[in-house]
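What follows is a short report on a single structure.
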Amino acid sequence: MANDREILRMIWEGQLALCFQADPDEIVGLQQPENFYLMVSRLSYLPLVTDKVKKYFSRFISGEQQDGSVWFDYNGTPLKLHYPIGILYDLCPEEGNQPWCLTIHFSKFPEEALVKFETKDLLESYFMSCLKEADVLKHRGQVISSMQKKEHNQLWIGLVNDKFDQFWAVNRRLMEVNSEQECFKHTPLRFYNEDGTFTQQLISPLAESGKKKTVSDLLEELSTPDRKAIGIKTHGIDIHNHTDLQWMSEHLSYPDNFLHLVVFYENV
């Protein structure tokens, strides 16, 4: 079970400085609004900060746009609304520069590139489906299915309201392991490529020898004859090759209980 509370809290408190600018083509009138700045949690999602940003720009857009689906881009690339903000930032070529400047749009939603989350309920449903999938991988779904509805709600509300204690009072149960094996059945992982797409594959935290797998073992599994996996990053941190997967899953997972890892490759 995740028990290094200091590390859990440090991950929870990770924030990014964001600068939101409007698309000049969508502004009504001659006055261009000043940019809007906001500190946001790496663990959150863009739809959860949309209300604040939209309210700021609301007097500069038309009534028709007020009812449109909001989306964001970075340097012309639409940003996935269901990716955690931290992983969106870690995928940036200029990652490291802050504030991170995004453009907010109130029209011409790119339906071919993005999934709409017009209400927070839809995002909550997606979040809970990820939690359930992660628990199937870790515990065959036995933990999440034994929880009450109010505990599911507490996980979501804890994330939305940035309440560490409220969230972890429930989430700690999802991080418990079998005392005999001291490992999950499988490690919930999503691997992100430079183009922003992610893949999943079934990864056990244990090697055939029974030893716990490390990042080095994971990189070996991800390598192909054409390219070699040489490193991973999550929460803005380059993870050391000797770090074991079980520890990472317990301490570095996002609130949806998945490890979201940016993978770096070199051609062979």
Side-chain angles (χ1 to χ4, degrees), residues 1-20 36-58 66 69-72 79-90 98-100 102 104 114-135 138 143-176 188 190 234-237 249-260:
M1 173 181 164
N3 52 19
D4 196 329
R5 197 170 181 82
E6 184 177 345
I7 291 177
L8 297 177
R9 188 174 285 279
M10 286 176 63
I11 294 298
W12 184 272
E13 293 177 350
Q15 291 191 319
L16 292 170
L18 300 190
C19 167
F20 295 94
F36 181 62
Y37 294 85
L38 200 61
M39 292 296 295
V40 301
S41 168
R42 273 182 159 271
L43 306 181
S44 190
Y45 299 85
L46 285 172
L48 295 182
V49 303
T50 294
D51 287 348
K52 288 182 180 179
V53 186
K54 186 175 181 178
K55 182 179 180 182
Y56 176 80
F57 289 107
S58 61
Q66 298 277 358
S69 298
V70 174
W71 59 283
F72 304 85
L79 295 175
K80 307 284 188 185
L81 299 175
H82 60 296
Y83 283 14
I85 293 173
I87 200 68
L88 289 171
Y89 182 68
D90 287 345
Q98 289 194 53
W100 187 30
L102 309 181
I104 184 171
L114 301 181
V115 178
K116 281 186 180 180
F117 288 93
E118 295 179 322
T119 68
K120 289 186 176 69
D121 289 344
L122 290 175
L123 184 61
E124 179 184 1
S125 178
Y126 171 78
F127 174 79
M128 289 307 305
S129 71
C130 291
L131 267 177
K132 291 173 182 177
E133 182 182 353
D135 193 54
K138 291 190 292 186
V143 178
I144 196 78
S145 62
S146 69
M147 290 181 175
Q148 298 179 13
K149 176 64 174 176
K150 65 179 182 180
E151 292 175 299
H152 294 176
N153 292 340
Q154 185 171 329
L155 287 166
W156 176 246
I157 293 170
L159 171 62
V160 171
N161 294 331
D162 195 21
K163 300 294 185 183
F164 173 84
D165 292 328
Q166 183 179 19
F167 177 84
W168 272 99
V170 177
N171 196 58
R172 62 180 178 79
R173 289 175 55 192
L174 294 167
M175 291 298 172
E176 291 175 346
R190 287 186 175 171
T234 187
H235 303 291
I237 306 164
S249 189
E250 292 181 32
H251 296 87
L252 302 183
S253 290
Y254 274 76
D256 63 4
N257 277 228
F258 272 86
L259 278 170
H260 294 264

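Values reported hereafter were calculated over all heavy atoms of this structure, with side chains retained and with hydrogens, waters and symmetry mates removed.
- In this structure, the separation between OH on Tyr45 and CG on Leu79 is 15.0 Å, given to the nearest 0.5 Å.
- Proximity of Pro188 to Ser253: side-chain heavy atoms (C-beta onward) are nowhere separated by under 4.5 Å.
- The distance from atom CE of Met128 to atom CG of Leu131, rounded to the nearest 0.5 Å, is 5.0 Å.
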Problem - side chain to side chain contact (heavy atoms under 4.5 Å, CB included) assessment of Tyr254 paired with His235 - result: CA-CA 9 Å; Tyr254 274 76; His235 303 291; 3.4 Å; yes
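- With rounding to the nearest 0.5 Å, the separation of CG in Leu114 from NZ in Lys80 is 6.0 Å.
- Closest non-hydrogen pair, Leu81 versus Leu46, comes out as CD2-CB, 4.3 Å.
- Here side-chain hydrogen bond (donor to acceptor under 3.5 Å, both in side chains) pairs that include residues 149-158, with residues two or more places apart or in two chains, are Glu151-Arg173.
- Taking 4.5 Å as the limit, some side-chain heavy atom of Met175 sits within range of a side-chain heavy atom of Asn257.
- Contact record, Gly86 with Leu16: CA-CD1, 4.4 Å, taken as the closest heavy-atom pair.
- At a threshold of 4.5 Å between non-hydrogen side-chain atoms, the residues Lys120 and Glu124 do not count as touching.
- Side-chain contact between Ser41 and Trp12 is absent, with no heavy-atom pair separated by less than 4.5 Å.
- For the pair Tyr83/His260, no side-chain contact is recorded, criterion being any heavy-atom separation below 4.5 Å from C-beta on.
- When the ring-ring contact (aromatic ring centres under 6.0 Å, His included) test is applied to Phe20, the partners found at least two apart in sequence or on another chain are Phe72.
- Looking only at side-chain heavy atoms (C-beta outward), Phe164 and Glu13 stay at 4.5 Å or farther from each other.
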Exercise for the section: Would you please test Arg5 and Asp165 for salt bridge (charged side-chain N to carboxylate O under 4.0 Å, His left out) and show each step? Expected result: CA-CA 10 Å; Arg5 197 170 181 82; Asp165 292 328; 2.6 Å; yes
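- Between Ile11 and His251, every side-chain heavy-atom pair lies at or beyond the 4.5 Å cut-off.
- In this structure, Lys163 places its NZ atom where only 12 or fewer heavy-atom neighbours from other residues, nucleotides or ligands lie under 6.0 Å away.
- You'll find the side chain of Leu8 stays beyond 4.5 Å of the side chain of Glu250, heavy atoms only.
- Side-chain atoms of Ser69 and Glu118 include a donor-acceptor pair closer than 3.5 Å.
- Taking 4.0 Å as the cut-off between side-chain N and carboxylate O, Arg190 and Glu133 count as a salt-bridged pair.
- Between Tyr126 and His82, the ring-plane angle classifies as perpendicular under the 30° and 60° cut-offs.
- Atom CG in Asn171 sits 10.5 Å away from atom CG in Leu159 (nearest 0.5 Å).
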